[in-house]
Amino acid sequence: MHVGRWQFFIDVGGTFTDVVARRPDGKLLTYKLLSSGVIRGQCEKGSTADCLIDSRRIGEPDDLWVGYKLMLLGPAVHEQYRDRYGAVVQSRDRKQTHDVTNPNPKRKRGVLSAARVLAFDSRTGSLRLARPLAAAPRVGMSYELRCTDAAPVVAIRLLMGLKLADPIGEIDVRLGTTRATNALLERKGAKVAFVTTKGFGDILKIGYQDRPSLFDLNIRKRDELTSLIIEIDERLNARGEVLRPPDPREVRRQLQEAKTAGIEAVAICLLHAHVNGTHEEQIAQVAGPMGFSHVSVSSHLMRLERIVPRADTTVVDAYLSGVIRCYVASLRRSMPQARIRLMTSSGGLIDAAHACGKDTILSGP
């Protein structure tokens with residue numbers, strides 16, 4: 001790290017983002033916010049349609065929230081639930097329904113009105129708006145401050161006292177994030193085509209035929225991350241010697257069909273590629289210019305003799321790398337001069353430009 005720079009140590013979780021910052025003079029600061037990047041507050045006495053008062057904002061840098069979108073929220077209402085006997089139970093607030101057996105029923109908040117923040121006075125905690133809100137704020141009503149920046153950037157701006165229009169400059173950022181973990185758990189990664197040697201298209205489904213519950217009669221197979229299987233007519237022997245090279249024209253045709261079908265990323269894992277990765281590299285060279293968001297090559301990622309774990313790793317990398325790279329790109333747009341390093345699953349740090357899906361599944365302290 002560079003002495004004299006702001007230094008940030010950030011853990012982005014599924015719900016909250018925690019930040020520890022070291023100022024150039026060595027003083028430590030901490031901050032916590034929602035991982036959505038939304039800042040919440042409550043209207044207090046004196047709030048009007050064009051100026052909201054919130055004493056909890058007192059002490060924050062002047063004009064810090066200029067340009068943010070302020071959204072005034074209505075009262076929380078319960079979604080409809082039924083009790084354990086199937087009867088709909090009426091709620092006391094606004095005659096909505098809720099489940100008396102659920103101590104924490106799900107609530108929804110509606111946006112009553114929204115406007116941009118024109119000025120912010122840190123002495124009074126007043127947020128003056130560019131235009132009056134359509135709904136008059138009342139004491140106790142909640143509001144949100146939103147912008148397009150990710151949560152780490154919002155926290156960095158707040159701690160440095162920078163407005164949206166101010167450049168962040170040269171800083172050091174060490175970041176752990178659950179972005180890849182969440183994408184894997186929620187199945188929100190890329191649409192992946194698994195490219196392998198002809199005759200081995202079912203290798204991911206067969207695996208090692210492990211049965212976690214040996215005597216379970218109701219066997220549930222795992223959900224596959226791949227959307228398409230492509231078998232390439234090629235073959236190497238166990239020593240890596242070429243028995244049958246791939247046909248570039250046929251490879252291009254198969255990949256083009258995958259691209260037309262909506263495939264976004266490609267995972268290439270061929271038999272014996274850990275000894276000789278030439279065929280994988282040839283296929284990757286064909287796939288590279290075709291516009292896929294990411295091309296993962298097993299011989300580059302994991303030179304492991306066993307094809308099953310090598311294939312699993314390659315598919316996971318293709319599935320998640322696009323998610324991580326989009327996230328890093330969004331951080332770069334907001335902090336072009338920052339040195340950003342991501343925590344890997346092993347607990348080490350890697351330059352954000354080199355971060356990939358397989359290394360960030362368990363990123364974070």
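Side-chain atoms are counted along with the backbone in the values below, which use heavy atoms only and exclude waters and symmetry mates. If you're wondering where the values come from, they're calculated on a predicted model, not measured in any experiment.
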For a 4.5 angstrom cut-off between non-hydrogen side-chain atoms, does R303 reach R310? no

Cut-off 3.5 Å, side chains only: do S296 and H294 have a donor facing an acceptor? yes

For residues 178-188, the side-chain hydrogen bond (donor to acceptor under 3.5 Å, both in side chains) pairs (sequence neighbours left out) are T178-N182, E186-K188

Show me, pair by pair, the donor-acceptor contacts under 3.5 angstrom made by side chains of residues 350-360, not counting sequence neighbours?
residue	atom	partner	partner atom	Å
D351	OD1	A353	N	2.9
T360	OG1	C356	O	3.0
T360	OG1	G357	O	3.4

Non-neighbouring partners of S330 that pass side chain to side chain donor-acceptor pair (under 3.5 Å), sequence neighbours left out: none

Set of side-chain contact (heavy atoms from CB on, under 4.5 Å) partners for R131, sequence neighbours left out: A115

Drop me the distance from W65's CH2 to L127's CG, to the nearest 0.5 angstrom. 9.0 Å

Could you go through the side-chain contact (heavy atoms from CB on, under 4.5 Å) check for K205 and E224 one step at a time? CA-CA 8 Å; K205 289 185 178 180; E224 299 297 330; 4.0 Å; yes

Mutual orientation of the aromatic rings belonging to F8 and W6 [parallel < 30°, tilted 30-60°, perpendicular > 60°]: parallel

Among side-chain atoms of D54 and Y143, is any donor-acceptor pair under 3.5 angstrom? yes

Any side-chain heavy-atom pair from T197 and E234 closer than 4.5 angstrom? yes

Just wondering, do M141 and L112 contact through their side chains at under 4.5 Å, heavy atoms? yes

Does a side-chain heavy-atom distance below 4.5 Å link T17 with D11? no

Does any part of the side chain of L175, heavy atoms only, come nearer than 4.5 Å to the side chain of V12, both counted from C-beta? yes

With a 3.5 Å cut-off and no angle check, do the side chains of E60 and S122 form a donor-acceptor pair? no

Tell me, do L304 and M302 make a side-chain contact under 4.5 Å, heavy atoms counted? yes

Who pairs with Y327 by ring pair (Phe, Tyr, Trp, His ring centres under 6.0 Å), at least two apart in sequence or on another chain? none

Value rounded to 0.5 Å, distance of CD in E280 from OG1 in T314: 7.0 Å

Can you name the one residue among V316, L204, V192, D312 that meets side chain to side chain contact (heavy atoms under 4.5 Å, CB included) with L225? V316

Heavy-atom check, side chain of L271 versus side chain of T196, under 4.5 Å: no

Result block: side-chain N/O donor-acceptor pairs under 3.5 angstrom for residues 146-159, not counting sequence neighbours:
residue	atom	partner	partner atom	Å
R146	NE	E144	OE1	3.0
R146	NH2	E144	OE1	2.9
D149	OD1	S334	OG	2.8
D149	OD2	R157	NE	3.2
R157	NH1	K163	O	2.7
R157	NH1	D166	O	2.8

Side chains of C269 and I307 in contact at under 4.5 Å (non-hydrogen atoms): yes

Transitive ILVMFWY cluster of M290, excluding itself - 4.5 Å side-chain cut-off: V195, L228, I230, I232, V251, L255, I263, V266, I268, L270, I283, V286, F292, V295, V297

Could you tell me whether R5 and E170 make a salt bridge, using a distance below 4.0 angstrom between a side-chain N and a carboxylate O? yes

Sequence neighbours excluded, the answer for side chain to side chain donor-acceptor pair (under 3.5 Å) partners of Y319 is none

For D121, the side-chain contact (heavy atoms from CB on, under 4.5 Å) test, sequence neighbours excluded, returns D62, R123, T124, S126

Please enumerate all residues that pass salt bridge (Lys or Arg N to Asp or Glu O under 4.0 Å) together with K45, with sequence neighbours excluded. none

Residues forming a side-chain contact (heavy atoms from CB on, under 4.5 Å) with L217, sequence neighbours excluded: none

Side-chain heavy atoms nearer than 4.5 Å, only ILVMFWY residues, links allowed to pass through others: does that put I168 and Y31 together? yes

Excluding sequence neighbours, so at least two apart, what forms side-chain contact (heavy atoms from CB on, under 4.5 Å) with P245? V242, H279

